[in-house]
Amino acid sequence: MTAQLPQSQTTSGSDLYEQDFYLWIQTTAELLKQKNFTQLDLDNLIEEIETMGRSEKRSLESNLEVLLMHLLKYQIQTEKRSKSWHYTIFEHRRQVQKAFQESPSLKPHFDRVFDESYQTARRLAVIETGLAIAIFPEQSPFTSEQVLDCDFFQSHNVEQLISLDN
């Protein structure tokens, strides 16, 4: 027995997309399950799939920027280290690693945007700390491997981290 399409017969796919996005998703999924490709709203389906890919990239970049910002703050403001910073570092590392587990093809994007994300993180660290931008290294003192290494700060002391700037 085939499931009934949630869409009315009088509403076109593109009209439904504009009027009720959730119903459009349900209808599209049902059409795909039924292999009823002729009734698919292909233009909007393609657009949504492309948007999903961009969203995954943006999420990865956002997590990387927050992670780098907190690593910088952790490195520079040793007297202000807190459980909250540890949690934020842990959580954003976890999010990046989870993204790689679910979509390994995001790793090259991570590598491409690492330096740009560091520059954003540097500016964010200035805003959050109120410190001068010159205090934060122009180039990332952390390698991409260190950024993702859950044991990175546990195995390095602050003097070693600061020496990476030189």
Side-chain angles (χ1 to χ4, degrees), residues 14 16-26 28-29 41-166:
S14 60
L16 187 60
Y17 180 84
E18 297 299 326
Q19 295 169 7
D20 188 336
F21 182 69
Y22 181 72
L23 183 58
W24 176 84
I25 290 172
Q26 290 178 305
T28 301
D41 176 10
L42 285 177
D43 292 337
N44 285 318
L45 179 58
I46 291 166
E47 181 180 328
E48 287 303 317
I49 290 172
E50 288 173 340
T51 299
M52 287 171 54
R54 287 189 300 272
S55 177
E56 291 296 310
K57 285 180 173 181
R58 279 193 305 273
S59 175
L60 177 69
E61 290 173 32
S62 176
N63 281 302
L64 176 58
E65 289 165 1
V66 172
L67 175 55
L68 285 164
M69 177 188 63
H70 275 79
L71 289 171
L72 279 171
K73 288 174 21 178
Y74 192 91
Q75 175 186 7
I76 301 295
Q77 293 187 302
T78 58
E79 73 286 354
K80 293 190 176 186
R81 290 179 181 171
S82 67
K83 290 180 183 178
S84 172
W85 286 5
H86 285 273
Y87 169 80
T88 300
I89 291 168
F90 172 82
E91 179 58 22
H92 288 276
R93 273 184 175 143
R94 189 181 73 77
Q95 290 295 330
V96 170
Q97 291 165 344
K98 189 174 183 178
F100 291 159
Q101 287 172 346
E102 293 174 359
S103 301
S105 62
L106 282 173
K107 181 66 168 87
H109 180 69
F110 173 88
D111 294 333
R112 277 191 303 276
V113 300
F114 186 84
D115 292 333
E116 178 184 333
S117 293
Y118 175 75
Q119 295 307 318
T120 300
R122 187 174 177 239
R123 289 188 295 277
L124 291 171
V126 167
I127 293 167
E128 279 218 3
T129 65
L131 298 172
I133 196 157
I135 291 174
F136 300 98
E138 286 186 31
Q139 301 301 314
S140 176
F142 321 110
T143 65
S144 58
E145 292 80 17
Q146 289 170 325
V147 167
L148 297 175
D149 181 359
C150 290
D151 296 324
F152 176 56
F153 274 113
Q154 292 175 4
S155 62
H156 295 81
N157 63 35
V158 175
E159 289 74 31
Q160 288 173 317
L161 289 172
I162 292 172
S163 73
L164 291 173
D165 295 348
N166 301 329

Begin with the C-alpha distance, continue with both residues' side-chain angles, and end with the deciding distance and a verdict on side-chain contact (heavy atoms from CB on, under 4.5 Å) for Phe152 and Ile89.
CA-CA 11 Å; Phe152 176 56; Ile89 291 168; over 6 Å; no
Full working for side-chain contact (heavy atoms from CB on, under 4.5 Å) between Leu71 and Arg93
CA-CA 11 Å; Leu71 289 171; Arg93 273 184 175 143; 3.8 Å; yes
Walk me through whether Trp24 and Asp41 qualify under side chain to side chain donor-acceptor pair (under 3.5 Å).
CA-CA 9 Å; Trp24 176 84; Asp41 176 10; 3.1 Å; yes
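Side-chain N or O atoms of Ser140 include one that pairs as donor or acceptor with a backbone N or O of Phe142 at under 3.5 Å. Side-chain atoms of Gln146 come within 3.5 Å of backbone N or O of Thr143 as a donor-acceptor pair. At least one donor-acceptor pair under 3.5 Å links the side chain of Gln97 to the backbone N or O of Leu148. Between the Asn63 side chain and the Ser59 main chain, a donor and an acceptor come within less than 3.5 Å of each other. Here the side chain of Arg122 pairs a donor or acceptor atom with the backbone of Pro137 at under 3.5 angstrom. Judged by distance alone, with hydrogens and angles left aside, the side-chain atoms of Thr51 form a donor-acceptor pair with the main-chain N or O of Glu47 at under 3.5 Å.
Atom CD of Gln75 sits about 8.5 Å away from atom CZ of Arg81, to the nearest 0.5 Å.
In this structure, Tyr17 and Phe21 have perpendicular ring planes: the angle between them is above 60°, well past the 30° mark.
Contact check for Arg123 versus Phe136: no side-chain heavy atoms found under the 4.5 Å cut-off. Contact of the Thr129 side chain with the Ile76 side chain is not registered, since no non-hydrogen atoms from C-beta on lie closer than 4.5 Å. Between Leu124 and Glu128 the shortest side-chain heavy-atom distance does not fall below 4.5 Å.
Side chains of His92 and Glu65: no donor on one and acceptor on the other come within 3.5 Å. With 3.5 Å as the limit, one finds a donor-acceptor pair spanning the side chains of Gln95 and Glu91.
For OH of Tyr87, the number of neighbouring non-hydrogen atoms (other residues, nucleotides, ligands) closer than 6.0 Å is 12 at most. The neighbour count for Lys107 NZ, taken as heavy atoms of other residues, nucleotides or ligands under 6.0 Å away, is above 12.
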